[in-house]
Each structure stands twice: as C-alpha cells, then as structure tokens.
Asks: 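Take a look at the following structure, please.
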There are 2 protein chains.
Amino acid sequence: MNVDIGNALAAVAEPGLSRDELATLDERVARAHERIERGRTDGEFGYAALNLPRTTDAEAIRDAVAPVADAETVVTVGIGGSALGARTITSALAADGGTSHVVLDNVDPDHVSRVLSELSLAETAINVVSKSGTTAETLSNFLVVREAMVEAGVDWTERTVVTTGDEGPLAALADEHDLPTLAVPDGVPGRFAALSSVGLVPAAILGCDIEGLLDGAAAAAETLDSSLFECPAYAYGAVAYGLEERGATINAVVPYAERLEPFAEWFAQLWAESLGKDGRGQTPARALGATDQHSQLQLYRAGRRDKLVTLLRPRERPSLDVPAAEADALAHLEGTDLGELLDTELRATEASLAEAGQPNVRVELDRLDPRGLGELLYAMEAACVLVGELAGVETFTQPAVEWGKQAARDVLEGDETEKTAAIEDKHELIVDGEGGR
Amino acid sequence: MNVDIGNALAAVAEPGLSRDELATLDERVARAHERIERGRTDGEFGYAALNLPRTTDAEAIRDAVAPVADAETVVTVGIGGSALGARTITSALAADGGTSHVVLDNVDPDHVSRVLSELSLAETAINVVSKSGTTAETLSNFLVVREAMVEAGVDWTERTVVTTGDEGPLAALADEHDLPTLAVPDGVPGRFAALSSVGLVPAAILGCDIEGLLDGAAAAAETLDSSLFECPAYAYGAVAYGLEERGATINAVVPYAERLEPFAEWFAQLWAESLGKDGRGQTPARALGATDQHSQLQLYRAGRRDKLVTLLRPRERPSLDVPAAEADALAHLEGTDLGELLDTELRATEASLAEAGQPNVRVELDRLDPRGLGELLYAMEAACVLVGELAGVETFTQPAVEWGKQAARDVLEGDETEKTAAIEDKHELIVDGEGGR
C-alpha cells in the first residue's frame with residue numbers, strides 16, 4: 001500500500017500543506033507515535049486494537065464456525081461496529097462479492113420480513129454480534145430470526161454463532177444453549193474490531209482467507225514509524241489532520257472498486273465516531289468511483305474549499321475488454337479494458353480536482369486481496385488513532401451517542417424521564433401543504 | 001407529506017433561524033416562486049422538470065416495455081441521473097425491495113463480470129439509458145452486456161429497451177435494430193428526470209404502479225405556493241438555504257426505512273450537482289436510520305455546528321412483533337413492534353440533536369407507497385430548484401464535470417492535450433512504507 005500526498009501540498013491546493021508545515025507535523029507525528037506505541041505495549045483501551053493482527057486467534061474462529069461451514073448464506077445480526085467490518089471484508093474478499101452475506105443492522109419490519117422470507121433458513125448461518133449483549137436493535141432482530149427458524153423447523157442452536165462480551169443476556173443465552181461463542185477482544189471499541197472475531201466470522205464461514213487478511217494487517221503494523229514520510233498510515237492521517245486544521249472539514253472517500261463500497265461506510269464510522277467530538281472532526285462523505293463522478297464531482301470541484309477527497313484504488317484488476325461496435329462513433333471504445341477505463345477516470349478526476357486547487361490524496365493497494373485489504377483496514381485505523389492524538393480528542397469513546405440511546409430505552413421501558421419529556425415536548429413547526437401549520 | 005422545521009429554529013438550534021429571518025426568507029420565496037412558475041409555464045430548460053408529472057406519458061412507457069414484461073430481472077445500464085432515480089423507485093416500490101433490478105453504473109471489470117455470470121440472460125431485460133448516447137461508461141458496459149447475450153444465445157434485440165436523445169450513437173443503434181425506444185424529455189437534466197422514462201422503465205417492467213407515482217408527484221406540484229408556510233417543498237428548501245447561509249454547509253439525509261437507502265443517493269446527486277457551484281452548496285452526507293445512529297450520530301451531535309440533519313420517515317409501516325425471550329434482561333423487548341422501535345429511535349435521535357442545539361428537520365410521508373414516493377421526489381426537486389433561485393446559482397448545469405470528462409476522453413482517444421499533460425505531470429509525494437518516497 002502507498003499513499004500519494006502530492007496533491008495535498010500548498011503548491012497544488014488551497015487548503016494545502018507547505019513543506020514547512022509538513023516538517024512541523026512530522027515532529028508532532030514522532031511524539032504521537034511514541035504515545036501510540038506506549039498504548040500498544042501496555043494494551044491500553046483502544047490502542048489494543050492496533051495489536052489485533054497478532055492477538056486475534058484465527059484458529060479459534062475457524063473452530064467456532066466449523067458447525068456452520070456448510071452454510072450457503074450468512075446472516076449477521078449486529079449494528080455499527082458489529083456489522084460494518086464484517087460487511088466490508090466479505091464484500092471485498094468473498095468470491096461472490098459478499099452477496100451471500102446478509103446484514104440485519106436495522107429494525108425496519110418491512111426489510112426484516114422480506115429478507116427472512118427469501119432465505120433458505122436450513123442453509124443459513126446466523127452470526128449474532130453485540131459486545132454488551134443488550135443492543136436493542138440486535139437482540140430484537142435476533143429474536144425475530146430465531147422465531148423464523150423455529151417456525152421453519154430448523155434447529156437454530158445448530159446454526160448460530162455468537163460473538164459477545166463475557167457477561168450480559170447474549171452471553172447467558174449462548175451459555176444456556178451451548179452455542180459456539182467467541183469473545184469480543186478486550187480493550188477494543190467496536191469500530192476498531194474488524195480484525196477480530198467481530199469482523200471475521202462471516203468471512204471465515206464463506207471460506208475467505210482470514211489468515212492472509214491478518215498477515216496484511218501485521219505487515220501494515222510493521223510500517224508504523226516515527227516519521228510520516230516513512231509510514232503510509234501516518235502520512236494519510238497527518239495530511240487529513242493538517243488539512244482539517246486549514247478548513248477541509250469534510251473527507252470524501254472515493255474507492256474506485258465496487259467491492260470497496262462498504263469500505264467507505266466502515267471508514268465513515270471509524271472517522272465520525274472516533275474524531276467527531278469537542279466541536280471538531282471531519283465529516284466523512286461516502287462515494288464510489290467512477291459512478292459518483294456523475295453525481296458528486298461537480299460539488300467537489302466547484303463547491304466550497306472544505307473538502308479532502310481521498311481516492312482509493314487497487315493497482316491490479318482483472319481484465320475485461322469492450323467488444324467491437326458497429327457504430328463508428330463508438331469505435332474509440334473497442335478493445336478498451338474496463339479496468340483501464342476506470343483507472344483513466346480516476347486519474348482524470350484527480351487531475352481535475354488538482355487543476356481546480358482542491359486537495360486530494362491517492363491511496364493505492366497492490367491488489368484487492370486478503371493481504372491488501374488487511375493493510376488497508378489496519379492503516380486507516382492507525383491513521384485515525386494518529387489524528388485523534390494530534391487533535392487531542394478521546395478517540396476511543398462515543399459519549400454523544402448515549403443521550404439518544406438512553407432516551408430510546410426510557411421510552412421502550414415506559415419510564416417518564418427528562419429525556420422522554422424532551423421527546424414529547426418537541427418544538428414543532430409543521431408545514432403540510434394543506435393550509436395547516 | 002409534511003415537513004417539520006421546528007428544530008431548525010433559533011429557539012432550538014445554533015445555527016438556527018429566527019421567526020424574523022423566516023419571514024424575510026418567505027418574501028424571497030414568493031419572488032423565487034414567481035420565477036419558477038414562469039419557467040414552468042415557458043417550459044424553460046430545467047424548470048420543465050417540474051412539469052413531468054403531467055407531461056410524462058406512462059402509457060408510452062408501458063407500451064415500450066411490453067415485449068420484456070416477462071423479465072425476472074432488469075439490468076439498467078446507465079450512470080448518474082440515468083441510474084439513481086430508477087434505482088430509487090424500484091427499491092422503494094418493487095415487491096422484492098428492488099433486488100430484481102441490477103444497476104450497472106460503474107466500469108469495474110470484476111463487478112461487471114460477476115453480475116453477468118450470475119444472471120439468467122434469457123429472463124433479463126436490458127434498460128440502456130444515456131441522453132447523449134455517448135457516455136463512455138454506459139456504452140462500454142452495454143457492449144459487454146450485449147456480447148454476453150450473444151454468447152448465451154439470447155437475441156439481445158428482443159430484450160433491450162433504450163432511453164436516449166433524438167440523435168447520437170445510441171439512437172442510431174436503436175434505430176438500426178428496431179429497438180423499443182423512449183425519448184429523454186426535452187429540457188430536463190438527468191438528475192431531474194426520475195419522473196420520466198429515464199426513471200420509470202425498470203419500475204414499469206417490474207409491475208410497479210408508475211401512474212400512482214406520477215399522481216403523487218402531481219399532488220406535490222399542486223402544493224407549490226408563494227409562501228413557504230403553505231408548501232412543504234419550499235419550507236424544506238428555504239430552511240436548508242437559510243441554514244447553509246448560517247454555516248450548515250453539510251446536509252445529512254437520514255431516511256428511517258431500508259427501502260429509501262437509494263433515495264439518499266438520489267438526493268445526494270440532486271443537491272450536489274445542482275447547488276455545488278460558485279464556491280458554495282451543501283455537501284450531502286448519506287446515512288440510514290437507525291443503523292447510522294451507531295456510526296454517524298456521535299459526529300452529528302458533538303462535532304462542528306456545520307450540519308443540517310434531515311430525518312425522513314413513513315408514518316405507517318407494516319408490523320412485526322419481537323417474540324418472547326427467555327432471559328429477563330430482554331423482557332422489555334417482548335411484544336415491541338420493530339417499526340415502533342425504529343420510530344422511537346428516530347424521535348430519540350431528533351431530541352438528542354435538538355438537546356445539543358444541532359439543527360434538524362423531519363420529513364414525513366403518509367406511507368411508502370407510489371403516491372408517497374412521488375410526492376417526496378417531486379418535493380425534493382422543487383426544494384432544490386428553490387435553493388438554486390435563492391442562492392443565485394445555475395441549478396440545471398454541471399460545468400465542473402466537463403474538465404475531467406474531456407481529460408478521460410483525450411486519454412482514451414490517444415490525444416496529447418493540455419489535460420493529458422496535467423494528468424501525466426501529477427505532483428507526486430509517495431509514501432510507501434518501504435523506505436521510499
């Protein structure tokens with residue numbers, strides 16, 4: 001993996017970083033790197049995530065999923081960090097692009113009913129993931145899925161794998177029914193847990209090379225260095241931080257590969273929940289190249305100068321030639337490789353942004369294989385931790401989510417609290433187009 | 001459909017709009033409305049889009065798709081405005097949630113090969129859409145799909161419907177092979193064309209009620225009014241504009257319905273390409289409720305005060321009860337309706353944002369049916385046109401996309417131009433983690 005930060009320099013872009021600013025950032029990176037290494041050595045909360053490539057026990061995962069290794073489809077019941085990593089990995093690595101991995105990460109009754117009606121439940125493995133074992137969406141969906149299995153005459157205890165903390169209702173349920181159970185790793189927030197059982201179970205069931213993924217992540221861990229000029233992950237993080245300081249408050253992540261579309265979602269959670277605090281943090285905007293050139297590029301090029309555009313591509317792709325066409329007007333397409341076309345679009349977009357002075361960074365994998373994906377996920381986690389150090393925020397917590405969670409719980413449990421009162425007393429100004437207000 | 005702007009008022013949020021500011025905006029809305037009505041009456045470029053509910057000929061669409069009405073799957077070959085509306089409509093309205101509608105809107109060789117290998121081409125309808133008839137991605141993909149059909153022994157001319165302008169290679173090809181052909185409506189940019197043949201063909205093939213959709217849109221057209229207090233579409237547009245002026249440079253659109261996930265993408269194009277110009281325009285951030293509460297809410301509540309959060313929900317949903325659980329700790333979930341849970345989450349999130357002073361707006365449909373979706377799509381288009389008037393930008397063009405398009409074309413045609421030179425001369429600073437720079 002490499003990162004090209006040339007188009008984020010002040011010589012090209014505004015906002016952009018001068019060589020002097022990079023040198024100053026580099027000194028701060030050295031100090032942040034020391035802090036990160038200390039956190040890793042001591043296995044501190046959050047920093048422990050950067051040790052996963054060597055602490056995750058792939059064999060234990062293989063053992064746990066062995067009873068459902070025949071499954072045609074995996075249904076992950078989880079939400080947020082308990083779903084996005086797993087989805088990202090199967091989309092990138094499963095032979096079918098992850099279509100055999102269904103994620104129930106929402107409590108939409110219409111959607112859940114439809115998904116269940118379309119599945120052959122006897123050939124399905126259920127992967128339930130909740131660290132606390134109390135997440136309302138996850139447990140509600142699990143109870144619905146379990147009942148569907150019972151109604152279909154399928155022994156759900158034979159088809160279910162659980163990943164959860166040591167205690168809580170889900171751990172108790174797994175214990176009671178003797179379900180294969182994997183532990184959520186200690187000291188690792190959900191959004192940093194892709195490289196553990198939290199992210200690897202569906203990939204393991206679907207026959208992906210999770211060992212190769214962990215090897216790639218371990219190789220990326222080896223590149224962590226006290227200089228941003230020696231470490232792609234830190235180069236990316238330092239530039240994102242430096243540009244945010246200069247007004248790039250949005251980070252538009254644009255993978256040029258369909259299989260990486262969920263990666264942009266995973267990245268969006270990583271960035272938003274880790275860095276969106278204390279009145280700061282880049283807002284991640286998810287996109288897909290080349291598709292979104294026809295949707296977002298107008299804004300990226302001609303809108304506010306508040307964006308870093310992160311372009312991402314594998315250097316190698318399978319080939320697929322455009323066949324001959326009878327019309328002369330299409331002759332220039334004949335024999336073009338689709339991948340070549342896609343890469344040309346990336347380079348044209350990159351140049352187009354640079355020409356307009358909009359900062360952009362290119363992240364390249366050798367190829368989209370287990371090793372390449374492992375490098376990418378690890379590098380982005382390390383980049384995020386670095387930005388957190390530079391910005392001085394608590395990277396590994398998400399306190400602002402609690403208010404709403406508690407409010408929803410109060411409503412569901414029928415309690416009357418300050419929070420339920422706030423919901424009831426909503427300030428309304430309704431325009432309904434029927435003369436009403 | 002209604003829009004509740006209560007949580008965007010200065011009494012609740014910062015940035016927020018005072019009653020006086022709303023009154024001033026309302027005067028400007030009256031003038032903008034006059035301009036819009038004049039544009040509609042004269043059928044001016046762009047404004048003509050707001051007449052589609054009565055100019056689109058649903059019967060002509062039904063006739064064109066009759067030969068492929070037996071199709072099990074529809075493949076749309078198109079990109080940007082030629083794909084997102086169609087995707088949005090089938091996702092919302094098709095019985096299977098749009099899974100029988102496959103969109104090839106990218107030139108990723110890995111993805112295109114995989115999709116084609118999984119299809120039963122004899123049971124597939126191909127829907128090719130390109131206004132100019134020259135879009136490189138679309139035509140390349142079409143040539144690949146066509147060859148796959150030939151190789152599978154399927155007569156592609158029996159399975160293909162074309163939507164294009166009067167001239168160009170695609171029109172010529174349709175003419176030569178006598179393919180059923182629909183016209184792209186005059187004076188309507190792609191991103192405003194969902195309510196025409198450009199957006200309706202796949203829905204018509206899959207048996208959706210496109211007439212009901214157009215009726216809903218026509219009803220929304222009836223609500224356009226000189227006061228934002230009488231028109232949900234203008235209330236939304238005026239508040240989005242007013243908040244952008246006060247610093248809400250991001251618009252996070254969060255539908256609470258899986259079927260509306262592609263709607264957020266459609267909206268993102270509408271907003272970004274129409275309003276992202278002259279150094280302004282809100283950046284759309286796409287999300288999904290309740291899922292992204294576990295991913296983006298931390299940032300929306302505790303990050304910069306630069307966001308309008310748009311919450312969207314249908315008021316009625318099918319019901320699905322959470323079954324009984326043996327564990328006491330889960331007892332509070334028993335009997336909860338999943339839809340109730342989802343709506344509770346919306347209200348808790350809304351209150352959570354308001355409590356933190358972050359502006360948000362709630363958009364409600366009666367239900368997610370053809371009429372409701374028609375109202376929604378039309379209202380958002382009208383809101384966008386209104387914002388364009390208030391901001392004084394050219395809503396209906398996308399000039400900033402041209403540089404990159406031409407650059408890619410120059411490369412593909414082997415020309416050496418200023419643009420290809422800019423691509424070749426990219427400013428590089430590569431960090432590769434192997435001691436290189």
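None of these values were measured; they are calculated from a predicted model. Values below: all heavy atoms of this structure, side chains included; hydrogens, waters and symmetry mates excluded. Protein chains get the first letters and strands the later ones, always in sequence-line order, with residue 1 at the start of each.
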Asks: Under 4.5 Å from any heavy atom of chain A, what part of B:A11 do you find: side chain, backbone, both or neither?
Replies: side chain

Asks: Is it the side chain or the backbone of B:Q282 that comes within 4.5 Å of chain A heavy atoms, both, or neither?
Replies: backbone

Asks: Examine whether an atom of B:K426 lies under 4.5 Å from a heavy atom of chain A, and if so say whether it belongs to the side chain, the backbone or both; otherwise answer neither.
Replies: side chain

Asks: B:D306 versus chain A, heavy atoms under 4.5 Å apart: side chain, backbone, both or neither?
Replies: side chain

Asks: What residue, out of B:L224, B:L412, B:V322, has the most heavy-atom pairs lying under 4.5 Å from chain A?
Replies: B:V322

Asks: Of the backbone (N, CA, C, O) and the side chain (C-beta and beyond), which part of B:L173 lies under 4.5 Å from a heavy atom of chain A, both, or neither?
Replies: side chain

Asks: Highest number of heavy-atom pairs under 4.5 Å with chain B: which of A:T134, A:D425, A:D225, A:I423?
Replies: A:I423

Asks: Ignoring hydrogens and geometry, is there a side-chain-to-backbone donor-acceptor pair from B:N106 to A:A290 under 3.5 Å?
Replies: yes

Asks: Check whether the side chains of B:H294 and A:Q269 place a donor and an acceptor atom closer than 3.5 Å, and report yes or no.
Replies: no

Asks: Ignoring hydrogens and geometry, is there a side-chain-to-backbone donor-acceptor pair from B:R305 to A:G279 under 3.5 Å?
Replies: no

Asks: Within the distance-only criterion (no hydrogens, no angle test), does the side chain of B:Q298 pair as donor or acceptor with the backbone N or O of A:A400 below 3.5 angstrom?
Replies: yes

Asks: Taking the side chain from B:R317 and the backbone from A:P109, do they hold a donor-acceptor pair closer than 3.5 Å?
Replies: no

Asks: Testing the basics here: between B:P323 and A:E147, what is the closest heavy-atom pair and its distance to 0.1 Å?
Replies: CB-OE1, 3.4 Å

Asks: Heavy-atom distance under 4.5 Å to chain A: side chain of B:A257, backbone, both or neither?
Replies: both

Asks: Between A:A172, A:A285, A:G289, A:A83, which residue shows the highest count of heavy-atom pairs closer than 4.5 Å to chain B?
Replies: A:G289

Asks: Counting distance only, does the side-chain N/O of A:D108 pair as donor-acceptor with the main-chain N or O of B:E258 below 3.5 Å?
Replies: yes

Asks: When only pairs under 4.5 Å are counted, which of A:A268, A:A379, A:S113 shares the most heavy-atom pairs with chain B?
Replies: A:A268

Asks: How many angstroms lie between CG in B:D96 and CD in A:E118, if you round to the nearest 0.5 Å?
Replies: 6.5 Å

Asks: So, taking the atom named OG in B:S140 and the one named CD in A:E334, what distance separates them when rounded to the nearest 0.5 Å?
Replies: 11.5 Å

Asks: State the CG-CG distance between A:N141 and B:L341, to the nearest 0.5 angstrom.
Replies: 8.5 Å

Asks: For B:L342, is it the side chain, the backbone, both or neither that has a heavy atom under 4.5 Å from a heavy atom of chain A?
Replies: both

Asks: For B:T291, does its backbone N or O pair with a side-chain atom of A:D105 as donor and acceptor, under 3.5 Å?
Replies: no

Asks: Using non-hydrogen atoms only, which part of B:K419 is less than 4.5 Å away from chain A: side chain, backbone, both, or neither?
Replies: neither

Asks: Tell me, for B:E222 versus chain A, whether the close heavy atoms (under 4.5 Å) come from the side chain, the backbone, both or neither.
Replies: neither

Asks: Against chain A, work out which of B:K405, B:E364, B:M1, B:Q296 has the most heavy-atom pairs shorter than 4.5 Å and name it.
Replies: B:Q296

Asks: Given heavy-atom pairs under 4.5 angstrom as the criterion, report whether the side chain, backbone, both or neither of B:A235 touches chain A.
Replies: side chain

Asks: Select, from A:L353, A:L333, A:T223, the one with the greatest count of heavy-atom pairs under 4.5 Å involving chain B.
Replies: A:L333

Asks: Provide the closest heavy-atom pair for A:V431 versus B:E230 in the form atom of the first, atom of the second, distance.
Replies: CG1-C, 4.0 Å

Asks: Calculate, to the nearest 0.5 Å, the distance between atoms OG1 and CG belonging to B:T336 and A:L139 respectively.
Replies: 11.5 Å

Asks: So for B:E413, is it side chain, backbone, both, or neither that comes closer than 4.5 Å to the heavy atoms of chain A?
Replies: side chain

Asks: Say whether, by atom type as modelled, one donor and one acceptor occur between the side chain of B:D4 and the main chain of A:L429 under 3.5 angstrom.
Replies: yes

Asks: Looking only at heavy atoms and a cut-off of under 4.5 Å, which of A:A407, A:G81, A:P318, A:G168 has the most pairs with chain B?
Replies: A:P318

Asks: Going through the distances and angles, do A:R304 and B:T249 end up as a side-chain contact (heavy atoms from CB on, under 4.5 Å)?
Replies: CA-CA 9 Å; A:R304 281 189 179 73; B:T249 52; 3.4 Å; yes

Asks: What residue in A:V144, A:L297, A:T349, A:D337 has the most heavy-atom pairs under 4.5 Å with chain B?
Replies: A:V144

Asks: In terms of heavy-atom proximity below 4.5 Å to chain A, should B:T420 be classed as side chain, backbone, both, or neither?
Replies: neither

Asks: Could you walk me through whether A:E345 and B:E137 pass the side-chain contact (heavy atoms from CB on, under 4.5 Å) check?
Replies: CA-CA 10 Å; A:E345 303 248 15; B:E137 295 92 336; 2.5 Å; yes

Asks: So does A:G80 get a backbone contact from the side chain of B:S295, meaning a donor-acceptor N/O pair under 3.5 Å?
Replies: no

Asks: At a heavy-atom separation under 4.5 Å, does A:E176 approach chain B through its side chain, its backbone, both, or neither?
Replies: side chain

Asks: Any carboxylate oxygen within less than 4.0 angstrom of a Lys/Arg side-chain nitrogen, looking at B:E424 and A:R347?
Replies: yes

Asks: For B:A220, which atoms come within 4.5 Å of any heavy atom of chain A: side chain, backbone, both, or neither?
Replies: neither

Asks: Between A:D110 and B:R259, is there a side-chain N and carboxylate O pair less than 4.0 Å apart?
Replies: yes

Asks: Taking the basic N atoms (NZ, or NE/NH1/NH2) and the acidic carboxylate oxygens, is any pair closer than 4.0 Å for B:R301 and A:E402?
Replies: no

Asks: Quick test of your reading of the model: are B:D292 and A:R286 salt-bridged, counting only N-O distances below 4.0 Å?
Replies: yes

Asks: With a 4.5 angstrom heavy-atom cut-off, which part of B:R191 approaches chain A: side chain, backbone, both or neither?
Replies: neither

